[in-house]
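One structure is given below, encoded as structure tokens.
The first residue of the sequence shown is numbered 1, and numbering continues consecutively from there.
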Amino acid sequence: EVADAGGQEQARKRNLNRDEIAKLFAAMKTAKGFSLENDLCIKLLLALAVRKNELIGASWKEFDLDAGVWHLPAVRTKTEAAISIPLSNTVIDWFKELKRLSCGSEWVLPARKMQNNVHVSESTLGVAIAKVQHGLEPFTIHDMRRTAKTLLASLGVQPHISERCLNHKIKGVEGIYDGYDYFEERKAGLKVLSDLLVQLESGAIDKVIPIKRKVTL
């Protein structure tokens, strides 16, 4: 019975605000044993709003960094819907750094302590972030995705575009008839999001100017 398992699971509502993100970024830079790969992964989860498993299981054959696109196949998405994710110049630079660190592996995030060719485990990021003394209220890796959605809204990105950024299936009649993938709109929205993250990483939180214009193109 549900009661035997501790009751009905409640949907999480935790997301990090801008001040918390700035503090987290600062803490990651000084955390002992927190690798550059982990640092880049946290920023990419926030910048792209992808699921953790979609990032840690990514292979370089999915990417066209010259064109600035990540072609995420349907078999690796929760919704079983393929999506082409636009990458801003900032995000491309982060992926290029990961490619350098991957030392020729087919995986974006190859396991470091195993002989066979595999990517990092599902628990890697959670274990890593637990070592960071950030002083914030508890959060999980999955909360990065909710945080990205909230930041997109704060930057003026319209809900139907941010839902596409998260590769959510649009419900109801709109989902049936609207087959447009909003690539250019998602590109614009994800760019302002990555620009914001760069500002927060620099510690310039008081200088961040909210973008009130709706990202519609």
Side-chain angles (χ1 to χ4, degrees), residues 12-56 58 63 65 68 70 85-102 108-109 112 119-157 162 165-166 186-211 215:
R12 290 183 58 82
K13 298 181 180 179
R14 177 75 166 105
N15 65 79
L16 280 67
N17 60 38
R18 296 183 183 192
D19 182 61
E20 288 179 309
I21 294 170
K23 290 179 180 178
L24 174 61
F25 284 169
M28 291 193 307
K29 296 298 183 186
T30 59
K32 184 177 181 180
F34 193 78
S35 69
L36 177 56
E37 290 94 333
N38 292 328
D39 179 284
L40 291 168
C41 283
I42 295 299
K43 290 188 290 190
L44 286 169
L45 289 173
L46 288 168
L48 297 176
V50 294
R51 296 177 176 87
K52 175 185 67 176
N53 288 345
E54 293 169 347
L55 179 60
I56 66 174
F63 290 82
L65 294 181
W70 175 7
I85 303 171
L87 309 176
S88 69
N89 289 336
T90 295
V91 169
I92 291 172
D93 287 341
W94 290 342
F95 273 118
K96 285 182 176 179
E97 182 66 4
L98 283 177
K99 192 163 190 176
R100 181 186 69 81
L101 294 168
S102 68
V108 174
L109 299 166
R112 299 295 180 179
H119 57 72
V120 296
S121 69
E122 184 178 344
S123 62
T124 297
L125 286 179
V127 172
I129 203 70
K131 299 177 181 178
V132 179
Q133 302 298 313
H134 46 65
L136 306 177
E137 291 295 319
F139 62 87
T140 68
I141 295 298
H142 188 69
D143 293 333
M144 300 293 100
R145 185 167 157 87
R146 188 179 301 103
T147 298
K149 167 76 170 178
T150 304
L151 289 175
L152 286 169
S154 74
L155 290 167
V157 178
S162 63
C165 288
L166 273 68
R186 287 188 287 118
K187 182 178 181 178
L190 293 176
K191 180 186 184 303
V192 295
L193 176 56
S194 65
D195 289 346
L196 171 62
L197 295 176
V198 170
Q199 288 181 287
L200 295 178
E201 186 178 25
S202 72
I205 184 171
D206 294 333
K207 298 180 182 179
V208 174
I209 300 174
I211 299 176
V215 180

Report the C-alpha distance between Thr90 and Ser194 in whole Å, list the side-chain angles of each, state the deciding distance to 0.1 Å, and finish with yes or no for side chain to side chain donor-acceptor pair (under 3.5 Å).
CA-CA 7 Å; Thr90 295; Ser194 65; 4.5 Å; no
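- A donor-acceptor pair under 3.5 Å links the side-chain atoms of Arg145 to the main chain of Leu166, judged by distance alone.
- What you find for Ala31 and Val132 is that their closest heavy atoms are CB-CG2, 3.9 Å.
- Closest heavy-atom contact between Leu65 and Ile92: O-CD1, 3.8 Å.
- With hydrogens and angles left out, the side-chain atoms of Thr124 and Ser121 include a donor and acceptor closer than 3.5 Å.
- Shown here is Glu97, whose CD atom has more than 12 heavy atoms of other residues, nucleotides or ligands within 6.0 Å.
- Residue Ile56 is tested with Val120, Leu45, Val108 for a side chain to side chain contact (heavy atoms under 4.5 Å, CB included); the sole match is Val120.
- Under a 3.5 Å cut-off, the side chain of Arg186 and the backbone N or O of Ile85 do not form any donor-acceptor pair.
- Side chains of Thr140 and Asp143: a donor on one and an acceptor on the other come within 3.5 Å.
- In this structure a side-chain-to-backbone donor-acceptor pair under 3.5 Å is missing from Ser162 to Val157.
- Applying the ring pair (Phe, Tyr, Trp, His ring centres under 6.0 Å) rule to Phe63 yields the partners Trp60, Trp70, Phe95; only residues at least two apart in sequence or on another chain are considered.
- Around atom NZ of Lys149, more than 12 heavy atoms belonging to other residues, nucleotides or ligands sit under 6.0 Å away.
- Here the shortest heavy-atom pairing between Lys191 and Ser88 reads CA-CB, 4.1 Å.
- The 12-atom threshold is not exceeded at NZ of Lys23, counting heavy atoms of other residues, nucleotides or ligands nearer than 6.0 Å.
- None of Ile21, Leu152, Leu155 except one satisfies the side chain to side chain contact (heavy atoms under 4.5 Å, CB included) rule with Leu196; the exception is Leu155.
- Nearest heavy atoms, Val91 versus Ala47: CG2-CB, 3.9 Å.
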